[in-house]
Structures are given as C-alpha cells and as structure tokens.
Amino acid sequence: MLTYELVPKLIRAALNNDRKSVESISIMIGRKIRKEHPEIASEIMQIAANSNVGADTLRTLDLSPAPVDKESRSQLVKVEEPISIEEPILPQEVWQQLDDFLHERSLLEKFLEEDILPPNSVLLSGKPGVGKTYIARWLSSKMNIPLVTVDLATSISSYLGRSGQNIKSIFDYAKSQKVILFLDELDAIAKSRDDAGDLGELKRLVNVLLKELEECPVTCIIVGATNHPEILDKAIWRRFDRNINVLMPGKDEREKLIKRGMGNKLDKLKKETKKFIVNKTDNISASEICKLCEHIKRQMIMNEKEQPDMLALKECCRIIDFNGRDEKVQLCKYIKEQFPELSLRDISSITMISAASVGRYIKE
C-alpha cells in the first residue's frame, strides 16, 4: 500500500476517535517514509511513543503540557501547530503594519545588541469577521511558532478569585515556551475599570492582566483581539506595542477575496455579475464574503441547468440588508440596468421582492 493511501484511513480513525488505529496507521506511515524523510519519520515515532506511555504529545513540539484549571482540570488554552495558510487579504495600511511587525521580530537579536527594546505585542480591533483570528494563525504560520489561544470559558472561573490564578498560569506557560499567546475576545477580561456595574473582583482581574502584560519578556509574543475596542480599559492599549484597527474590506480587497473564493468557478460569471457582487458587498465582512463564494459554488454544482449568473445574484441578494424602500428601489433599478435581458419575474426571484413591486420600483 502506498503512503498516501493511508491518509484517508488515518483521517477516518481520527474523526472516529479510534486512538489505537491512529497510532498504528501513524507508525505505518513513519516506517514507509523513513528512507526519504528520516526527520519526519522520527517525529511521527516520537509522537506515537509519547502517546503510548501517556505523555502529552505536545512534548514532541518542545512544549510543556498546557495549563489546566485546578478545580475542573479543564485545559485553559488550545495549542495549534503552525500550518501554512494563504496570506490574509487586507487593506494596505493594515498589511503594512503586520509586515513591519514581522520585520521587527526578524531583527530581534540586532535590536537587543543595540539596546533597543523589540516589539512583542499586537492588539487587533475591528468588527466580527474582518480576519483577526485568521491574522493570528497567519502570524503563527509565518513565524513557524505554535499558536496558544486562551479559552475564556474555562479561564474565567465561577470562583472569581481563581480567575486571576488562571490568567497567571496562562502567562507563566507562554513565558516559558516559544509560542504566540492569542488573547481572543480580550474585552471579556479587560473591560474598563471605570464601569460602575462591574464587580470589584473583575476589576482586580484586569489588574492581574495588566501586570502580566507588563512583565512579558520580549521573547514572548502576545496577540490580542477585540470586537469591542470601546469598552477596553485604557491601560490595556498602552501595554501593546502595535494597535491595529482591522478595517472592513475595501473594493480592491473584495475583488481579491471573490477571485480567491470563487476559484475557477469565477470564469462562469459575466463581467457585470462580478461587478455586482463587488459593489453590493461594501458593508460585508471578509468572512461573510468567503461564505458567499462557497454558497455560490455549491449552488452552481447543485443546479447545473440554471444560469450561473442568476444563482450568484440570488445568493448575493440574500446577504444584503435593505434599509427601507429607497434601497429596494435602487437595487431593482441597478439590476435592470446591468442585466436588461432579465424579466420582472427574474428580478423578483433574485431579490425576493414581489414582481409587482419590482415593476413599480423600476418605473420610478
């Protein structure tokens, strides 16, 4: 049996939580690739060996076991190995800041020799779906460093006094490893201490977080992310070297996202349809645009006899928020101008507005 023929078996075993089969198939793969890829084969055997003796498999990444909540014994963080992913599609000003941060980290030793404090933290803010988590994973990929994401559900204990201990355990773990610590939904644990509605214990938790951020060595990389920058404590902003507002995708970014998301299916759409999708997704996040592309491709496969353009226009109109009658009028007129061959019934099917209303809107 060829090595790649074992991959589906390994995936099935993993998804079925069949630990014994995962181990045996992994060892089989390690043996088959030993001659051509001895280092990878050795790593596979080490993982299998650690698993057999009950040791944490993270040890093969030179990482200590992840910290746990003392009461529930739940892991406080999720550790992800760096995996190569495509570059995020971002506005130029955001991209430039990320590129500068990576360049600065590559000059770490030179900065230290010159007695210059290198940057080690980035705070990403922006609306949901703009790509903050994707950026954290991409940084992990680019720097080839594991990503350690804080699990706020377990780190914020029902016993509030223990929450501070959990935060300290997480930072102690990050300081002792070569990892990127990702503080997602940072606003959940870093709300402004001026909020009179919060308990004193929650305010003390912010103090613990500030102290840990302040004491992080330059070798420890911290990435924070928030959907609600307005409620963050002011002192939190000062603890991060770079504060990057991840903007909603502009027209250029939307074109690139749609081109990447649609792949070879994009060639099946008319130029006017592509233009429509780009123009009508101006208030849509990058994540939603990617979902839209997936939905259009599925519809193309499921409904091969239908016009791809009609399917694409329908899916696009599903995610458009109509703020009143005027916007519906503009949409119907726009579609009729761009696609004069479409009937009132076609436009009604696309927009889910009655054909009678479509007729009235177009005449206005």
Side-chain angles (χ1 to χ4, degrees), residues 77 85 87-108 111-112 116-143 145 147-152 155-156 167 170-171 174-175 179-195 198 202-203 205-250 252-253 283 285-287:
V77 296
I85 59 175
E87 290 183 346
I89 295 172
L90 300 163
Q92 182 57 36
E93 55 267 41
V94 176
W95 181 257
Q96 188 60 57
Q97 290 197 67
L98 293 172
D99 194 43
D100 287 347
F101 178 74
L102 287 171
H103 189 203
E104 288 169 338
R105 290 302 301 180
S106 71
L107 298 173
L108 180 63
F111 280 142
L112 293 173
I116 299 172
L117 196 63
N120 73 329
S121 57
V122 175
L123 178 54
L124 306 170
S125 60
K127 295 181 179 180
V130 292
K132 298 184 293 296
T133 301
Y134 191 92
I135 288 171
R137 291 197 175 110
W138 177 75
L139 289 172
S140 167
S141 166
K142 287 291 288 183
M143 303 173 81
I145 300 174
L147 185 70
V148 174
T149 302
V150 177
D151 188 341
L152 290 170
S155 58
I156 304 303
I167 295 298
I170 290 166
F171 274 87
K175 291 174 190 176
V179 297
I180 295 175
L181 180 61
F182 182 41
L183 303 172
D184 198 9
E185 298 179 7
L186 185 59
D187 44 89
I189 55 173
K191 288 176 68 176
S192 173
R193 288 167 292 179
D194 296 334
D195 189 342
D198 277 342
L202 290 174
K203 294 178 181 179
L205 183 59
V206 177
N207 290 332
V208 171
L209 179 61
L210 288 168
K211 182 174 182 292
E212 293 300 327
L213 286 169
E214 185 72 32
E215 295 178 354
C216 268
V218 293
T219 52
C220 181
I221 301 173
I222 310 291
V223 176
T226 177
N227 298 333
H228 304 286
E230 70 281 357
I231 67 174
L232 282 184
D233 192 277
K234 292 178 181 178
I236 291 291
W237 295 96
R238 297 194 294 271
R239 294 300 192 277
F240 285 86
D241 293 300
R242 286 184 179 273
N243 298 319
I244 302 176
N245 181 23
V246 186
L247 304 170
M248 294 283 277
D252 288 345
E253 290 74 53
N283 291 315
S285 70
S287 173

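Basis for what follows: all heavy atoms, side chains included, without hydrogens, waters or symmetry-related copies.
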Indicate yes or no: at least one non-hydrogen side-chain atom of [X] is less than 4.5 angstrom from one of [Y].
X: P118; Y: L107; value: no
X: W237; Y: P229; value: yes
X: L209; Y: F171; value: yes

Decide side chain to side chain contact (heavy atoms under 4.5 Å, CB included) for L186 and F240; before the verdict, give the C-alpha distance in whole Å, the side-chain angles of both, and the deciding distance to 0.1 Å. CA-CA 12 Å; L186 185 59; F240 285 86; 4.0 Å; yes
Would you confirm whether S140, through its side chain, and I145, through its main-chain N or O, come within 3.5 Å as a donor-acceptor pair? yes
Expected output: side-chain N243 to main-chain L123 donor-acceptor under 3.5 Å: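 Between the backbone of L123 and the side chain of N243 there is no qualifying donor-acceptor contact (under 3.5 Å).
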Point-to-point distance, once rounded to the nearest 0.5 Å, from [atom1] of [X] to [atom2] of [Y]:
X: D187; Y: I231; atom1: CG; atom2: CD1; result: 4.5 Å
X: I244; Y: I135; atom1: CD1; atom2: CD1; result: 7.0 Å
X: T133; Y: L147; atom1: OG1; atom2: CG; result: 9.0 Å
X: K142; Y: R105; atom1: NZ; atom2: CZ; result: 15.5 Å
X: L232; Y: I189; atom1: CG; atom2: CD1; result: 10.0 Å
X: E212; Y: L183; atom1: CD; atom2: CG; result: 11.0 Å

Applying side chain to side chain contact (heavy atoms under 4.5 Å, CB included), run through K175 and T219 and close with a yes or a no. CA-CA 8 Å; K175 291 174 190 176; T219 52; over 6 Å; no
Side-chain H-bond candidate by donor/acceptor type, D184 with T149, under 3.5 Å: no
Of all heavy-atom pairs between [X] and [Y], which one has the smallest distance, and what is that distance?
X: L210; Y: I236; answer: CD2-CD1, 3.5 Å
X: V94; Y: L247; answer: CG2-N, 4.2 Å
X: L102; Y: L139; answer: CD2-CD2, 3.8 Å
X: V218; Y: N120; answer: O-CB, 3.6 Å
X: N245; Y: G126; answer: OD1-CA, 4.1 Å
X: V246; Y: K132; answer: CG2-CG, 4.2 Å

According to side-chain hydrogen bond (donor to acceptor under 3.5 Å, both in side chains), who are the partners of [X], at least two apart in sequence or on a separate chain?
X: D100; result: Q96
X: E253; result: none
X: Q97; result: none

List the residues meeting side chain to side chain contact (heavy atoms under 4.5 Å, CB included) with E87, not counting sequence neighbours, and say none if there are none.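 Once residues adjacent in sequence are excluded, the partners of E87 under the side chain to side chain contact (heavy atoms under 4.5 Å, CB included) criterion are W95, W138.
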Does any pair with a residue in residues 121-131 pass side chain to side chain donor-acceptor pair (under 3.5 Å), and if so which ones, sequence neighbours excluded? S121-D241
Could you check V208 against K211 for side chain to side chain contact (heavy atoms under 4.5 Å, CB included), going step by step and ending with a plain yes or no? CA-CA 5 Å; V208 171; K211 182 174 182 292; 5.8 Å; no
For the pair F101 and I221, evaluate side chain to side chain contact (heavy atoms under 4.5 Å, CB included) and give the outcome as yes or no after the intermediate values. CA-CA 11 Å; F101 178 74; I221 301 173; 4.1 Å; yes
Under the salt bridge (Lys or Arg N to Asp or Glu O under 4.0 Å) rule, collect the residues that match up with R239, sequence neighbours excluded.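 If we apply the salt bridge (Lys or Arg N to Asp or Glu O under 4.0 Å) test to R239, skipping adjacent residues, the hits are E214.
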